[in-house]
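What follows is one structure encoded as structure tokens, with my remarks underneath.
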Amino acid sequence: MAALPPMLWASSLVLVLWAGVCSAVCVEVPSETEAVQGTDMKLLCISCMKREEVTASTVVEWYYRPEGGKDELIYEHRKTNQEFQTRFSGRIQWNGSKDMQDVSITVVNVTLNDSGIYTCNITREFEFEIHRPLFTSSRLIHLTVVEEAGEDFTSVISEIMMYILLVFLTLWLLIEMVYCYRKVSKAEEAAQENATDYLAIPSENKENCAVPVEE
């Protein structure tokens, strides 16, 4: 995964801090779909509950399907976490939140063979006094694992815009400095001309130039 440029990183940090200060709002953000082999890849799965004040029991199932293959259950959360004997054994970490709105997992040390379709199935049973409705939802993640990180097009554009902005600000600063320098120079020239003109006036005329004082 390509690193964010400074401008985007700072903007993202501000948005995250702002969201954290204002309120704990659940946002169903899609997961990233590209990983670099040898790194840890978080498979993001967020399912916001419309009624957070209602108690609910949640069951999460993660499936993996290779290209041209079938779905196989690789991880399950049902009050406790259970990892199944698959190619991912020992490489899955639970990253879900306490309120079970974020039910993400992390695949440690991904390989090229980990490319495929990951399915996150969520089943919620809400505990009302009269009835216990059941709701299900699914998230599909088409993951591609590459050997090396490629340059993201968005980050390239952002970096170009950042450099253009820096060049523009530099030119604007130079123009302002030249303008101020010329303005100061003209003021100094005008002061010198006035002083020269004053010195060129004869002494008797200088006395006549004095403003008479009224008694």
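His77 places none of its side-chain heavy atoms less than 4.5 Å from the side chain of Val103. With contacts defined as side-chain heavy-atom distances shorter than 4.5 Å, the pair Glu125/Thr123 does not qualify. Within the 4.5 Å cutoff, no side-chain heavy atoms of Phe84 are placed close to those of Ile74. In this structure the side chain of Arg87 reaches within 4.5 angstrom of the side chain of Asp114, judged on heavy atoms. Between Val110 and Val36, every side-chain heavy-atom pair lies at or beyond the 4.5 Å cut-off. In this structure the side chain of Ile117 reaches within 4.5 angstrom of the side chain of Leu140, judged on heavy atoms.
Side-chain heavy atoms closer than 4.5 Å link hydrophobic residues (I, L, V, M, F, W, Y) into clusters, and following such links, possibly through other members, connects Trp94 to Ile141. The hydrophobic cluster containing Leu43 also contains Met100, counting ILVMFWY residues as joined when their side-chain heavy atoms lie under 4.5 angstrom apart, directly or transitively. Taken together through direct or relayed side-chain contacts under 4.5 Å among Ile, Leu, Val, Met, Phe, Trp and Tyr, Val27 and Ile46 form part of one hydrophobic cluster.
Contact between Cys48 and Gln101 at its shortest, heavy atoms only, is CA-OE1, 3.3 Å. Here the closest non-hydrogen pair linking Asp102 and Lys42 is OD2-NZ, 4.2 Å. In this structure, Leu112 and Val146 approach most closely via the heavy-atom pair CD2-C, 3.9 Å. Across every non-hydrogen atom of Ile92 and Glu83, the tightest pair is N-OE2, 3.7 Å.
Side-chain contact, Thr111 with Asn113: no donor N or O sits under 3.5 Å from an acceptor N or O.
Within the model, atoms CD of Glu61 and CD1 of Ile122 stand 10.0 Å from one another, a figure rounded to the nearest 0.5 Å. Here the CG atom belonging to Asn81 is positioned 10.0 Å from the CD atom belonging to Glu76, to the nearest 0.5 angstrom. One finds the CG atom of Leu165 at 9.0 Å from the OG1 atom of Thr170 (value rounded to the nearest 0.5 Å). Taking CE of Met161 as the reference point, atom CG of Leu166 lies at 11.5 Å (rounded to 0.5 Å). Distance CG/Leu73 to CH2/Trp62: 12.0 Å, rounded to 0.5 Å. The OG atom of Ser31 sits 11.5 Å away from atom CZ of Arg139, with the distance rounded to the nearest 0.5 Å.
Heavy atoms from other residues, nucleotides or ligands lying under 6.0 Å from CD of Glu176 number more than 12.
A donor-acceptor pair is defined here as one N or O able to donate and one able to accept, closer than 3.5 Å; no such pair exists between the side chain of Ser104 and the backbone of Gly96. The backbone N or O of Glu127 sits nowhere less than 3.5 Å from a side-chain atom of Arg132 that would complete a donor-acceptor pair.
For the ring-ring contact (aromatic ring centres under 6.0 Å, His included) criterion with Tyr118, the lone passing option out of Tyr64, Tyr75, Tyr63 is Tyr64.
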